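What you see below is based on every heavy atom in this structure, not just the backbone, and it leaves out hydrogens, waters and symmetry mates. Model, not experiment: these values are computed from the prediction.
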Amino acid sequence: MKTRALILSLSLLSSSAIANTYNNQVDVDYFSVESSNIIKLEGTHYLQSVSTNNTAWAEAAFMGRNTSVNVSYTDFDGDISNLVLGGDYYNNDLFFGLDVVYADVDGFDSDTSLVGEVGYFLKPNWMVSVAASEEDFSDTLVLSSKYIATLGDGQFVNFEVSYKNFDSDIVAAADYFWSPQSSIGVSLSSEESVNGTIRAQHFFTPSISARVEYVLLDGSDNGVLIGLTGRF
């Protein structure tokens with residue numbers, strides 16, 4: 001009886017239309033592998049309200065082409081910290097992204113770098129882009145493509161592929177949304193350290209979501225990521 005009541009409550013939360021727009025998003029991620037722990041906190045402010053109408057909710061800002069500014073802080077097991085200040089700008093079919101990355105390694109010097117990305121929308125939900133860091137431009141060059149297909153009845157499929165110039169690595173991913181709120185996906189990588197991931201995300205309300213990701217690593221124990229998102 002209690003189990004049935006819990007399932008009913010979650011269903012009501014998932015379908016409740018508390019709000020279909022938001023201007024701010026806060027993400028908290030915890031990643032654990034072997035004896036190491038990584039914690040990331042990120043906040044994003046959108047200059048225009050983001051609508052979840054007729055979108056995959058996790059991809060609403062991309063599908064709506066919403067300009068934003070963001071800040072994130074990542075702690076790598078207390079030994080390394082990363083502070084990123086960035087922004088995404090959309091102008092019709094053009095996309096521009098810029099991040100200022102400050103890295104501090106315990107016992108060593110800190111470093112600041114710039115990472116830029118330029119993209120173009122070939123179709124409403126299909127963007128191709130090129131990104132690189134101002135340090136070692138050719139080695140950090142990444143070519144990417146992202147496309148979200150609308151299947152109807154509130155279902156979507158997200159496709160992503162990237163080519164990394166340094167080691168000629170390819171990373172490909174796909175997410176299936178059986179409803180605007182819920183998705184499951186996989187990624188495959190030719191990189192030396194990461195073989196791929198299996199992931200899922202669900203919005204319990206338009207404002208709250210949880211995600212989990214199982215990361216397949218090469219030469220060590222696999223990792224698990226747990227994340228929460230809040231929107232307002």
Side-chain angles (χ1 to χ4, degrees), residues 4 6-27 29 44 46-68 70 88-97 117 119-129 143-163 170-189 196-215 225-232:
R4 294 168 61 185
L6 176 60
I7 295 174
L8 178 59
S9 298
L10 291 176
S11 298
L12 291 174
L13 283 172
S14 300
S15 60
S16 62
I18 297 175
N20 59 4
T21 62
Y22 62 96
N23 283 88
N24 303 284
Q25 179 168 313
V26 177
D27 297 291
D29 291 319
T44 304
Y46 296 93
L47 304 188
Q48 311 94 12
S49 294
V50 182
S51 173
T52 57
N53 290 334
N54 302 315
T55 69
W57 288 8
E59 300 288 351
F62 174 81
M63 297 178 75
R65 305 187 190 185
N66 293 95
T67 296
S68 65
N70 62 80
D88 293 336
Y89 174 71
Y90 295 86
N91 184 2
N92 296 321
D93 290 332
L94 294 175
F95 167 81
F96 302 93
E117 183 178 8
Y120 182 78
F121 281 86
L122 301 175
K123 290 184 177 181
N125 294 319
W126 183 14
M127 187 181 79
V128 294
S129 68
L143 304 177
S144 301
S145 179
K146 179 180 177 69
Y147 175 64
I148 300 178
T150 301
L151 304 181
D153 296 325
Q155 299 179 61
F156 305 86
V157 179
N158 171 53
F159 299 100
E160 298 180 37
V161 63
S162 296
Y163 171 80
I170 296 177
V171 179
D175 301 281
Y176 170 62
F177 294 80
W178 65 87
S179 75
Q181 302 98 322
S182 306
S183 66
I184 187 168
V186 297
S187 71
L188 296 174
S189 173
T197 65
I198 302 171
R199 60 200 186 193
Q201 182 172 10
H202 176 69
F203 278 84
F204 298 98
T205 78
S207 302
I208 300 174
S209 81
R211 58 190 169 277
V212 62
E213 190 167 338
Y214 187 70
V215 184
L225 181 145
I226 299 173
L228 297 173
T229 293
R231 292 172 169 177
F232 56 95

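Rounded to the nearest 0.5 angstrom, I184 CD1 and F177 CZ are separated by 11.5 Å. Atom OH of Y89 sits about 16.0 Å away from atom CD of E117, to the nearest 0.5 Å. Taking CG from D88 and CZ from F96, the interatomic distance works out to 12.0 Å, rounded to the nearest 0.5 Å. Annotation: the span from T150 atom OG1 to I148 atom CD1 amounts to 8.0 Å, rounded to 0.5 Å. Once rounded to the nearest 0.5 Å, the distance linking CG of N24 with CZ of R231 reads 11.5 Å.
Taking the six-membered ring for Trp and thresholds of 30 and 60 degrees, Y176 and W178 have ring planes inclined between 30 and 60 degrees apart.
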Output, in order, the C-alpha distance, side-chain angles, deciding distance and verdict of side chain to side chain donor-acceptor pair (under 3.5 Å) for T52 and N20.
CA-CA 5 Å; T52 57; N20 59 4; 5.7 Å; no
I'd like to know whether Y120 forms a side-chain contact (heavy atoms from CB on, under 4.5 Å) with L94, so could you lay out the CA-CA distance, the side-chain angles of the two residues, the decisive distance to 0.1 Å, and finally the verdict.
CA-CA 5 Å; Y120 182 78; L94 294 175; 3.7 Å; yes
Between Y46 and Y22, is a ring pair (Phe, Tyr, Trp, His ring centres under 6.0 Å) present by the stated rule, with each step listed?
CA-CA 8 Å; Y46 296 93; Y22 62 96; 5.7 Å; yes
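Contact check for F203 versus T205: no side-chain heavy atoms found under the 4.5 Å cut-off. Counting heavy atoms from C-beta on, the side chains of E59 and N125 never come closer than 4.5 Å. Taking 4.5 Å as the limit, some side-chain heavy atom of M127 sits within range of a side-chain heavy atom of F121.
Other residues, nucleotides and ligands contribute over 12 non-hydrogen atoms within 6.0 Å of the CG atom of N53. Environment of CG in L225: crowded, with over 12 heavy atoms of neighbouring residues, nucleotides or ligands closer than 6.0 Å.
Contact record, A174 with F159: CB-CD2, 4.2 Å, taken as the closest heavy-atom pair. For the pair F204 and A210, the tightest heavy-atom approach, listed with the atom from each and the gap, is CE1-CB, 3.8 Å.
Residue F232 forms a side-chain contact (heavy atoms from CB on, under 4.5 Å) with just one option from I208, V26, N23, and that option is V26. Residue S162 forms a side-chain hydrogen bond (donor to acceptor under 3.5 Å, both in side chains) with just one option from S189, S144, S129, and that option is S144.
With hydrogens and angles ignored, the 3.5 Å screen pairs no side-chain donor or acceptor of T197 with any backbone N or O of R199.
The salt bridge (charged side-chain N to carboxylate O under 4.0 Å, His left out) test applied to D29 returns R211, not counting sequence neighbours. Not counting sequence neighbours, the partners of E160 by the salt bridge (charged side-chain N to carboxylate O under 4.0 Å, His left out) test are K146.
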In a table with atom names and distances, give each donor-acceptor pair under 3.5 Å that connects a side chain of residues 60-68 to protein atoms at least two apart or in another chain.
from	atom 1	to	atom 2	distance (Å)
R65	NH1	N92	O	2.7
R65	NH1	D93	OD1	2.9
R65	NH2	P124	O	3.1
N66	ND2	S49	O	3.4
T67	OG1	Y90	N	3.2

